[in-house]
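Order of the sequence lines sets the chain letters (A, B, ...), proteins ahead of strands, with each chain counted from 1. Hydrogens, waters and symmetry mates play no part in the numbers below; they use all other heavy atoms, side chains included.
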2 protein chains.
Amino acid sequence: MEHPTKLPAVDTGETRAAAAGDVWLRPPRARRETPPLSRERIVAEAIALLDEEGLARLTMRRLAERLGTGSTTLYWHVKTKDDVIDLALDEVFGEVALPDPGDPSWRVDVTALILGWRAAMLRHPWSTAVLARPLMGPNVLTRTEFLHARLATAGFAGPELSALASALANYVIGSALMQATAEPADEEAARRAAERHLRERSDRYPTLAETGPPIGRDWDDAFALGLDCLLDGVQARAGRE
Amino acid sequence: MEHPTKLPAVDTGETRAAAAGDVWLRPPRARRETPPLSRERIVAEAIALLDEEGLARLTMRRLAERLGTGSTTLYWHVKTKDDVIDLALDEVFGEVALPDPGDPSWRVDVTALILGWRAAMLRHPWSTAVLARPLMGPNVLTRTEFLHARLATAGFAGPELSALASALANYVIGSALMQATAEPADEEAARRAAERHLRERSDRYPTLAETGPPIGRDWDDAFALGLDCLLDGVQARAGRE
DNA sequence: CCATCACTGGATCAATGATCCGGTGAATCG
DNA sequence: CGATTCACCGGATCATTGATCCAGTGATGG
């Protein structure tokens with residue numbers, strides 16, 4: 001019982017024939033203005049809602065309201081609220097562009113994939129708060145497959161390949177999670193609170209207080225540096241063996 | 001451990017006066033056997049509850065019940081349920097042993113810290129599902145401070161130090177999160193489902209299908225390998241500059 | 001003309017986070 | 001020594017939410 005990819009019963013031959021005759025006379029054809037509410041529409045609206053109002057505001061009722069239906073209806077297309085989140089999350093991963101596998105250097109491709117991965121999550125900060133679930137959607141799997149494949153061309157295989165791919169994935173995920181968490185809406189207030197907290201205890205956390213709050217604002221640079229370290233290590237291992 | 005915290009009307013001034021005169025006659029002093037429910041007791045019980053029953057079962061009511069009090073009472077010691085989680089989470093970080101800073105090699109200490117960090121989170125798998133919040137508790141800060149300080153002795157400073165410390169932290173966090181997520185109670189069932197899922201689509205995910213499910217069972221080895229890669233990169237950078 | 005089936009939603013339930021408000025006893029004060 | 005304060009407790013109660021029951025509705029095919 002997959003998704004009912006049912007086509008709205010709108011595009012009948014009758015309609016098309018009339019349109020062929022005289023497009024302008026055709027009544028707006030009351031295009032069943034709410035196309036019968038597909039799983040796709042639900043997920044799309046869920047993502048919009050999450051982007052605009054955040055995870056806490058995602059409610060079956062609110063979601064239904066935005067879709068112009070009753071909340072009960074959602075449960076025909078989806079079994080639980082978690083389903084909605086699973087689908088929305090995988091949709092976010094779908095935004096990650098797969099690098100054109102033409103580049104001869106695996107490192108270039110892997111870097112591009114990881115950066116895109118991170119960017120997608122940061123475009124939808126709520127996604128990082130929702131990662132504690134098995135990631136088995138088709139879009140994640142496709143990206144993971146790409147990562148594995150590209151590392152395979154670097155000469156890795158078996159458990160080592162698996163471990164290195166996981167290491168990269170875990171690094172992006174952890175980084176995005178920490179950044180999205182540390183960068184709430186009221187960034188200014190949060191930062192000031194953190195700084196004050198640290199300064200007040202600068203005796204206990206001297207190094208921390210000196211460097212500033214745990215994480216600065218040069219998120220991109222910091223991430224890139226860590227990724228380079230990791231990839232340096234990986235590359236060094238690609239040679240041997 | 002039920003019964004109300006009600007104290008038998010025993011501890012009157014009269015009693016105390018008698019006690020002063022003769023210690024042996026003093027009734028066991030009914031030392032309010034449930035110590036008046038401190039924040040510490042709440043947090044300890046919350047962790048026990050989380051360990052035993054998981055995040056979903058953590059309810060203010062259940063927690064109160066286990067503590068032998070009314071749920072309302074908790075709100076005197078704590079402002080919200082999130083407070084409880086914040087405190088519990090920091091408590092988990094408190095389990096991470098700070099390596100004895102005697103070792104001359106920063107890499108040894110850092111490795112030990114990171115491994116301990118990971119172990120603590122995996123001992124309390126729910127903790128990984130709850131990371132999407134600012135980590136500002138004293139225990140996290142202490143560990144972060146240690147990490148920064150040790151990297152400072154390696155010659156790093158400023159944004160670079162901050163970036164590398166974050167990279168390491170993000171890697172542990174991401175790894176623990178992914179492992180705790182992929183290792184649910186019904187590990188067997190989950191693994192089989194994942195394997196079947198992959199095999200059925202082995203045409204789409206050839207490399208993945210060949211290597212096995214996204215992540216094997218040699219979690220420790222995989223983590224250690226990734227950590228070594230990362231630290232190799234860090235160490236290489238410690239030299240220059 | 002009817003039966004089926006994809007699809008919808010009002011009413012309703014149970015669980016939960018949180019608050020109102022009224023206790024209770026020990027310590028402190030005058 | 002009695003009254004008052006204050007740390008601490010909890011029953012009743014609210015609003016919100018995820019989810020289900022069940023009664024529809026309208027198009028399609030027989």
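The CD atom of Glu65(B) sits 15 Å away from the C1' atom of dG11(D) (whole-angstrom rounding). In this entry the distance linking CZ of Arg61(A) with P of dA19(D) reads 11 Å, nearest Å. One atom, CG of Leu74(B), and another, C1' of dC8(D), lie 12 Å apart when rounded to the nearest Å. We find that CD of Glu53(A) is positioned 11 Å from P of dT17(D), with the value rounded to whole Å. Distance OH (Tyr75(B)) to P (dA7(D)): 21 Å, rounded to an integer number of Å. Note: CG (Leu55(A)) to C1' (dT16(D)) measures 16 Å, nearest angstrom. Rounded to whole Å, the distance from CH2 on Trp76(B) to C1' on dG25(C) is 15 Å. Here the C1' atom of nucleotide dC7(C) and the CZ atom of Arg39(A) are 15 Å apart, to the nearest Å.
A salt bridge links Glu195(A) with Arg199(A); the closest basic N to acidic carboxylate O contact falls under 4.0 Å. With respect to the salt-bridge test (charged N to carboxylate O, under 4.0 angstrom), the residues Glu65(B) and Arg61(B) do not qualify.
Counting atom types as modelled, Thr72(A) pairs a side-chain N or O with a base atom of dG10(C) as donor and acceptor under 3.5 Å.
Heavy atoms of Ser71(A) sit nowhere under 4.0 angstrom from any nucleic acid atom. Within the 4.0 angstrom heavy-atom criterion, base atoms lie near Thr73(A). Residue Leu63(A) is classed as having no contact, given no heavy-atom separation below 4.0 Å to the nucleic acid.
For Thr59(B), a side-chain nitrogen or oxygen approaches OP1 or OP2 of dT16(C) to under 4.0 Å. Neither OP1 nor OP2 of dA6(C) sits under 4.0 Å from any side-chain N or O of His77(A).
Of the candidates dA18(C), dA19(D), dG10(D), the closest approach to any side-chain atom of Lys81(B) belongs to dA18(C). Side-chain atoms of Thr69(B) lie closest to dG10(D) of the nucleotides dA19(D), dG10(D), dG9(C).
Checking Leu87(B), Ile47(B), Leu74(B) one by one against Ile42(B), the side chain to side chain contact (heavy atoms under 4.5 Å, CB included) holds for a single residue, Leu74(B).
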Candidate pair Asp220(A) and Arg118(A), rule salt bridge (charged side-chain N to carboxylate O under 4.0 Å, His left out), full reasoning: CA-CA 10 Å; Asp220(A) 295 352; Arg118(A) 169 171 177 267; 2.9 Å; yes
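Using a 4.5 Å cut-off on side-chain heavy atoms (C-beta onward), Glu45(B) and Leu63(B) make contact.
Each of Lys79(A) and Arg57(A) has a nearest nucleotide on DNA chain D; the 5'-most of these lies closest to Arg57(A).
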